[in-house]
Asker: 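I am attaching a structure below and will ask some questions about it afterwards.
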Number of protein chains: 2
Amino acid sequence: MATTLDGVARHARVSTATVSRVLRGANGEIPISAATRQRVLAAVRELDYRPNLTARSLARGRTHTIGVVLPEGAMRLRRVYNATILAGISDVLTARGYALALYFSEFGRQPQAPGHISLLQDGRVDGGLIVDSFALDDEQIAALEREAGRFPCVLIGHRLPQSRLHWVAADDRAGAIAAVDHLYQLGHRRIAHLYNRRGRPGSERQADYQEALAARGLEARSDWLVASEMASGMAALVDRATREMGELWTHHEPPTALFAWNDYAALAAIQGLRQTGVVVPRDVSVVGYSDFDVAVLGQPPLTTVRTPLYEQGALAAEVLLDTLDSGNAQPVQRLLPTVLVVRESTGSAPQPG
Amino acid sequence: MATTLDGVARHARVSTATVSRVLRGANGEIPISAATRQRVLAAVRELDYRPNLTARSLARGRTHTIGVVLPEGAMRLRRVYNATILAGISDVLTARGYALALYFSEFGRQPQAPGHISLLQDGRVDGGLIVDSFALDDEQIAALEREAGRFPCVLIGHRLPQSRLHWVAADDRAGAIAAVDHLYQLGHRRIAHLYNRRGRPGSERQADYQEALAARGLEARSDWLVASEMASGMAALVDRATREMGELWTHHEPPTALFAWNDYAALAAIQGLRQTGVVVPRDVSVVGYSDFDVAVLGQPPLTTVRTPLYEQGALAAEVLLDTLDSGNAQPVQRLLPTVLVVRESTGSAPQPG
DNA sequence: GTGAAAGCGCTAACAA
DNA sequence: TTGTTAGCGCTTTCAC
């Protein structure tokens, strides 16, 4: 149907090999006579020839395509978190001439197929970028390490220092410390935490929060630990927050500050607090996490910790492509800095009494 | 390196053809003796064989991959609009066993390559889903129509009744009418509009707004038409809205209601109005568009028009795969219903005087 | 039921 | 500088 190499060769009265050479050596690398080149190029134009990339991939043994594994369930794409990482990835891939194939971790759920890995080993991609690295179990990690030479991949957002795999992540520990310190300096000593019930990112954040409290010698009371999740939608998040905040603040010794695992949770909490009659930041300070677009839309605009999501995606892609180009197997493991963004949802701790 | 069909064949002492048959006819379609099947399956398991999908694509002439074209610039992925459509697409593709390749409209910007089309004609995908159909010029549309038999694609979000291409879109005209009617019934007669300066979706919405006003016999004053765009980020959006709203409401004859082209613009406007001392919905009612997650986080929660974004993506994917399976070329053009969601940002028009 | 062989469209030695 | 020839790994007639 479509024009093939052979068609062009025939038309230009040369061999397919020559056409192939002309097409590759646009930069004068390969020795081709000017006349032939003209003839071939003319044929290409006339026939509107486009190389079949599938065939090329097979012949070259390189697909020039990168597989990106996102968390189970496509709706997760709606989370700014994933979308922003993906944006970083795709900008780099595009700039370096790679195509992007999207996978979801549930995809390969056949009995014998260990999820992520089978996805990435169907010969359709040269390497993998795993945004959903929290979902990897030990066996899968081991498999990825084993295959690292043949099939490089980079984990995103998940600190895995004990592994030999590439990974890039945000320095969330520093982020949590910055948030807690900020509150501390405003005089807050009783700091509650909204954690993500689902998914390890939330619980890692929780560990970071506890470490940050400990660093300041503050108490981490379990009744100041409140579950929160976005899985059932924003309206549910707000409802739940309203209930939780009501409970927390009728508690005999309520906190004076709240550190949330992400901006949405923080904004929902603020909605909830308002219902309870608590005013932010007069009565309680709230710090979010991520500095999503919505932070600035909050009432009041949200103090939060900006995390390098786009940058994580971009760097991971760079690392992967570099590995692919150089064959270098030295694991690259990078922690990217976070930054505290102070807006209006935090203020001095209310005087006790 | 990796096990190939040949390896399995050798191991099972059969021909590659037989292995191929066993692998395809899992459902007992193809006549294979039970013994052979067992032997082959065992070999597959032992060698941990995974078919090379690139080779399969080449041999079969079908890649089982769909290309999705998103608006130029990967950061657009962060817009819930695009992400939600993409979620709908990928759920369907996944469910039906198709892979997804992501393209951005800027990708193929070589001199001779007409953007969208060349992207989709590199033999790597079986069909195209074009989210960024507004970017298509007439020539590209003509080309897509010409190729429709060989290379089917579906446009998303863009009404194109005069074309023979498949498309699915939201019934935004009805949405605009619903929004305006809602305001009208609350007594509003002076309704301003925040439109998207960039991109045709915004200007289509603007046309819809004007039609909706006309349907009610209301005046569409040009000084009630305010530009707004998200391109430069949320903070800029809010700043700009603050300025614009200030101006609009010191105007000698300010509107009593505002219909925004999307929820973010609406929320930013509410922020701006607050700065100006205007209270929503007491002094002015605001209607957003899309019913994004943030709508419910607004202060007050936003009245808005819910649009079927996920559904558009899902339906477009269904239509495409059906076309691919059936070879049917009847153009499918579907308008999906929108629904008004009344929350707390709208109320009765203030008494004049 | 099963195998031999041609071929999908392109690339890359190796010759010439 | 160019052509010939073998593949890349899988599928699919066509014989047996």
Side-chain angles (χ1 to χ4, degrees), chain A residues 1-26 28-41 43-44 47-65 99 121-126 150-151, chain B residues 1-26 28-41 43-44 47-65 99 121-126 150-151:
Chain A
M1 202 73 193
T3 318
T4 72
L5 238 210
D6 192 62
V8 178
R10 207 181 299 280
H11 194 91
R13 308 198 161 291
V14 295
S15 72
T16 59
T18 300
V19 179
S20 182
R21 285 194 197 98
V22 171
L23 256 31
R24 184 150 49 90
E29 266 299 275
I30 301 143
I32 296 278
S33 83
T36 320
R37 152 166 289 123
Q38 295 320 321
R39 215 137 34 84
V40 170
L41 258 24
V44 164
L47 300 173
D48 191 31
Y49 168 73
R50 288 192 215 297
N52 179 321
L53 264 28
T54 298
R56 176 177 288 174
S57 295
L58 184 58
R60 290 226 251 245
R62 285 284 235 97
T63 62
H64 254 71
T65 299
Q121 301 212 336
D122 52 17
R124 265 201 293 220
V125 300
D126 293 338
R150 162 146 59 104
F151 185 82
Chain B
M1 202 74 195
T3 317
T4 70
L5 238 211
D6 191 62
V8 178
R10 206 181 300 279
H11 193 90
R13 308 198 161 290
V14 295
S15 71
T16 57
T18 299
V19 180
S20 181
R21 285 193 197 100
V22 171
L23 256 31
R24 183 150 50 90
E29 266 298 277
I30 300 143
I32 296 278
S33 83
T36 319
R37 149 166 291 122
Q38 295 319 319
R39 216 135 36 82
V40 169
L41 259 23
V44 164
L47 301 174
D48 191 31
Y49 168 73
R50 287 192 215 296
N52 180 320
L53 263 29
T54 299
R56 176 175 289 175
S57 296
L58 183 58
R60 289 225 251 246
R62 283 286 236 97
T63 62
H64 255 69
T65 299
Q121 301 214 335
D122 52 17
R124 265 202 293 220
V125 300
D126 293 339
R150 161 146 59 103
F151 185 82

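Residue numbers start from 1 in every chain, and the chains themselves are labelled A, B, ... in the order their sequence lines are given, proteins ahead of strands. Quick note: numbers below take in every heavy atom, side chains included, and nothing from hydrogens, waters or symmetry partners.
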Asker: OP1 or OP2 of D:dT2 versus the side-chain N and O atoms of A:Ser33: is any pair under 4.0 Å?
Answerer: yes

Asker: Measure CG/A:Leu58 against P/D:dT11 and give the value in whole Å, please.
Answerer: 12 Å

Asker: Looking at the side chain of B:Ala59, which of D:dT12, C:dA4, C:dC8 is the nearest nucleotide?
Answerer: C:dC8

Asker: B:Thr3 and B:His11: side chain to side chain contact (heavy atoms under 4.5 Å, CB included), yes or no, with the steps?
Answerer: CA-CA 11 Å; B:Thr3 317; B:His11 193 90; over 6 Å; no

Asker: What is the separation between atom CZ on B:Arg21 and atom P on D:dT11, rounded to the nearest whole Å?
Answerer: 11 Å

Asker: Hey, does B:Val14 reach any base, or is it just sugar-phosphate, or nothing, if we go heavy atoms under 4.0 Å?
Answerer: sugar-phosphate

Asker: Using whole Å, what does the distance between atom C1' of nucleotide D:dG9 and atom CG of B:Asn52 come to?
Answerer: 6 Å

Asker: Is there side-chain contact between B:Ser20 and B:Leu23, with heavy atoms separated by less than 4.5 Å?
Answerer: no

Asker: Rounded to whole Å, please give me the gap between CZ in A:Arg56 and C1' in D:dC8.
Answerer: 14 Å

Asker: Nearest to the side chain of A:Thr36, which nucleotide is it out of D:dT1, D:dT11, C:dG3?
Answerer: D:dT1

Asker: Could you work out which one of D:dC14, D:dC10, D:dT1 sits closest to the side chain of B:Tyr49?
Answerer: D:dC10

Asker: Reckon B:Leu5 touches a base, only the sugar-phosphate, or nothing at all at heavy-atom distances under 4.0 Å?
Answerer: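 Base, at least one base heavy atom under 4.0 Å.
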
Asker: Counting just side-chain N and O atoms, does B:Thr16 come under 4.0 Å of either OP1 or OP2 of D:dC10?
Answerer: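 The answer is no; no side-chain N or O of B:Thr16 sits under 4.0 Å from OP1 or OP2.
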
Asker: More 5' along DNA chain C: B:Ala55 or B:Ser15, using each one's nearest nucleotide?
Answerer: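 Nearer the 5' end of the strand: B:Ser15.
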
Asker: May I ask you to verify if any side-chain N or O of A:Arg62 is less than 4.0 angstrom from the OP1 or OP2 atom of D:dC8?
Answerer: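 No, no such contact exists.
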
Asker: Looking at B:Thr16 and B:Ala9, would you say the former's side chain and the latter's main chain have a donor-acceptor pair under 3.5 Å?
Answerer: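 Not a single qualifying donor-acceptor pair exists.
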
Asker: How close or far is atom C1' of C:dG9 from atom CG of B:Asp122, stated in whole angstroms?
Answerer: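 These atoms are roughly 13 Å apart.
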
Asker: Under 4.0 Å between a side-chain N or O of B:Arg24 and OP1 or OP2 of D:dT12?
Answerer: yes

Asker: Could you tell me the separation between the CG atom of A:Asp6 and the P atom of C:dC10, rounded to a whole number of Å?
Answerer: 9 Å

Asker: Evaluate whether atom CZ of A:Arg62 has more than 12 neighbouring non-hydrogen atoms of other residues, nucleotides or ligands under 6.0 angstrom away.
Answerer: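 Yes, because the 6.0 Å sphere around CZ of A:Arg62 holds more than 12 heavy atoms from other groups.
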
Asker: Does a side chain donor of either B:Ser57 or B:Thr54 reach within less than 3.5 Å of an acceptor in the other side chain?
Answerer: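 Result is no, nothing qualifies.
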
Asker: Can you measure A:Leu23 atom CG to C:dC10 atom C1' for me and round it to whole angstrom units?
Answerer: 10 Å

Asker: Whole-Å distance between D:dT1 P and A:Gln38 CD?
Answerer: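 So the CD-P distance, A:Gln38 to D:dT1, works out to 14 Å.
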
Asker: Does a side-chain N or O of A:Thr4 approach OP1 or OP2 of C:dG9 to a distance below 4.0 Å, or not?
Answerer: no

Asker: Would you tell me if any nitrogen or oxygen in the side chain of B:Ser20 comes within less than 4.0 Å of OP1 or OP2 on D:dC10?
Answerer: no

